[in-house]
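Have a look at the structure below, then the notes.
Whatever order the structure lists ligands and atoms in, that order sets their numbers, starting from 1.
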Amino acid sequence: MELTHIRNFSIIAHIDHGKSTLADQIMAVTQTVSARQLSDQLLDDLTVEKNHGVTVKARTARNLYQADDGHVYELNLIDTPGHVDFNYEVEKSLAASDGAILLVDATQGVQAQTVANLRLAEQAGLVILPVINKIDSVNAQIAATEKQIRQLNPELAQAPILQISAKTGQGVPEVLEAIVHYLPAPQGQVQAPLKALIFDSVYDPFKGVIVNLRLFDGQLQQNDQLQLMASQKTFHVHELGILTPDRTPTTTLKAGDVGYLITGIKDPQQVRVGDTITSVNHPTAQPFPGYQPPKPTVFTGLYPVKDYKTLKEALQKLTLNDPSFQISPETSDALGPGFRGGFLGIFHLQIIKERLLNEFGVEVLTTVPNVTYHVHLAEAADPKQFLTVNNPVRFPDFSQINYVTEPILRATIVTPENTVNNVMKWTEHYKGVLMDIQNQGQLIKLIYKIPLSELDYNFFSRLKSTSHGYASLSTKFLDYEPADVVRLDVRVNYSRVDALTFIIHRPDAPQLTQKLVTKLKYTIPRRLYPMPVQAVVEGKVLARVDVPPLRKNAAANNEKRSISKKQALLRRQNLNKRQAAHNDIELPQEVFNAILDLE
Ligand code: GDP
Ligand code: MG
């Protein structure tokens, strides 16, 4: 296909604004896939995505479209994930595109992720085609939505804005025409040395690493000798082809094309998304500026519910498939051998947990998540030096600490006017500091500074419930700032349980420790003897309860037993108490879930 007849584009949108529905419509109109195949929402084919309704892994499909001018165009749709935790994946997809459809739901208007994704597309230098969706809905506010879009940037103030219903298909043919006429064709030289960008990769145990790539210059054939420029790894092409959206082998790929490549490389670490593929004999002079996977921000212990080996294998496979998920081995006295997992955010953690169960049948126990703290020690030779702590167990004793800093985010919340008071009340409850407030029609935009550690499930569900589901949130890392945080240890039977160590904000300590021990009282599995549970901060016991014993005291007076029986029971109970000193308490997932519920 000639370059002038190719368009490589993405759809960017806030979650639920209809991206998957529009992608399906485009494939239906161009007959890329049959109606029956479509019923399964092809582009979101991971089970997790169906449960959450969000796209986790990007999917890509080539559509052939005969335009009104009589020519057949190749429209390569590069699907992007739709969640706040997955900006990295969006960036990769955008880097492989020349244009983007900015899809906005007419019943909701411009939302936080609309803006966040638009900014990424602007940075990637894409031409933006704005499209208003859901015009069939009785709640559609088309004029107001159009006004919001026009205010987003100077180009959009001028751009044609299409109005469609991705659900009924109304206006979708016009979208295809606009893609052809409004979005740019790729540029590139087929004769130049090969220069291709890896924007996605999967690992296949038999075929090795399979990459999705966009060719900017040159061409590719079976058996070509190629090189990955960052890792310096060389390989030859086992198979190449296009995505329809299934992998369909072809004989060549040329500048401007989007397709896949089977590398045969068995070590996934060698193949990085964002790396440049070139030819061994005629390498390109200029690789793409490499972009690194973002660093994990949220950490948690991952421990086997059944066996360690199966968990380890499943986790390793997931880290290959998702470069932003990281693991390192750790061992807990209470839970045995396991891993510390690093995640992009709290939903990323949730999704990894579900993928473990759905794709590998592996149940995992997760401890309470925490962020990375920078601990400046009192004795430090260089005051700028600090200890990086992402496991609470490694948090030094308070006597050694000078001060601690924690990650602070800039959070943008967009919410309807009538919910602003409640949203503000709760965001401030979660230590948000209001920086700016802007009026956008019926929507109010609130800008906060907020500690990353506060953005847990409770915050998200509060935000949703107080705004009746309308508030939307996007976040950006700001800086590390001094934080008044302390280590909270839990002692059961007077000995510390390492898996129950947390870092908390000092002002929360009195209330939180009280609630914590109460929760533990009802979730720690009972034993034959009472177990004292203490919450300790900086050497002081701030709260205490006793987990009641499973049965009554054998020696209690009202038990109708012979003296010798009672004595025998007492001996056994004493034995149990001695065992308790070993502290072999059980910590089922319910214990950690109960702690997550604390506010
Ligand atoms: P995504 O999260 O952006 O991929 O959104 P989806 O495509 O999954 O759509 C979210 C919800 O909006 C689904 O329930 C769709 O059926 C619905 N939806 C999508 N497009 C339209 C539309 O044009 N009109 C109406 N009424 N509903 C739509
Ligand atoms: Mg979707």
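A donor-acceptor pair is defined here as one N or O able to donate and one able to accept, closer than 3.5 Å; such a pair exists between the side chain of Thr276 and the backbone of Phe288.
The 12-atom threshold is not exceeded at CD of Gln187, counting heavy atoms of other residues, nucleotides or ligands nearer than 6.0 Å. Atom NZ of Lys254 sits in a sparse spot, with 12 or fewer heavy atoms from other residues, nucleotides or ligands closer than 6.0 Å. Glu363 CD: 12 or fewer foreign heavy atoms inside a 6.0 Å radius.
Proximity to Ser20 (heavy-atom distance under 4.0 Å) selects the following atoms of ligand 1: 1 (P), 4 (O), 7 (O). Heavy-atom proximity to Asp16, at under 4.0 Å, picks out these atoms of ligand 1: 1 (P), 2 (O), 3 (O), 5 (O), 10 (C), 12 (O). Of all atoms in ligand 1, listed by their number and element, those nearer than 4.0 Å to a heavy atom of Lys19 are 1 (P), 3 (O), 4 (O), 5 (O), 7 (O). Per-residue contacts place Asp136 under 4.0 angstrom from the following atoms of ligand 1 (heavy atoms of the residue considered): 22 (C), 23 (O), 24 (N), 25 (C), 26 (N).
Both the backbone and the side chain of Thr21 come within 4.0 Å of ligand 1, judged by heavy-atom distances. Here Lys134 has heavy atoms under 4.0 Å from ligand 1 in both its backbone and its side chain. Residue-level proximity to ligand 1 for Ala13 is absent, since no heavy atom of it falls below 4.0 angstrom.
Residues Thr366 and Thr300 have side chains that never bring a donor and an acceptor to within less than 3.5 angstrom of each other.
Of the polar atoms of Ile135, none of the N or O atoms is found under 3.5 Å from an N or O of ligand 1, judged by distance alone. By the 3.5 Å distance cut-off applied to N or O atoms, Ala166 is counted among the residues near ligand 1.
Ionic pairing of Asp98 and Arg214 is present here: one or more N-O contacts between side-chain nitrogen and carboxylate oxygen are shorter than 4.0 angstrom. Arg150 has a carboxylate O that lies under 4.0 Å from a charged side-chain N of Glu146, or vice versa, which qualifies the two as a salt bridge.
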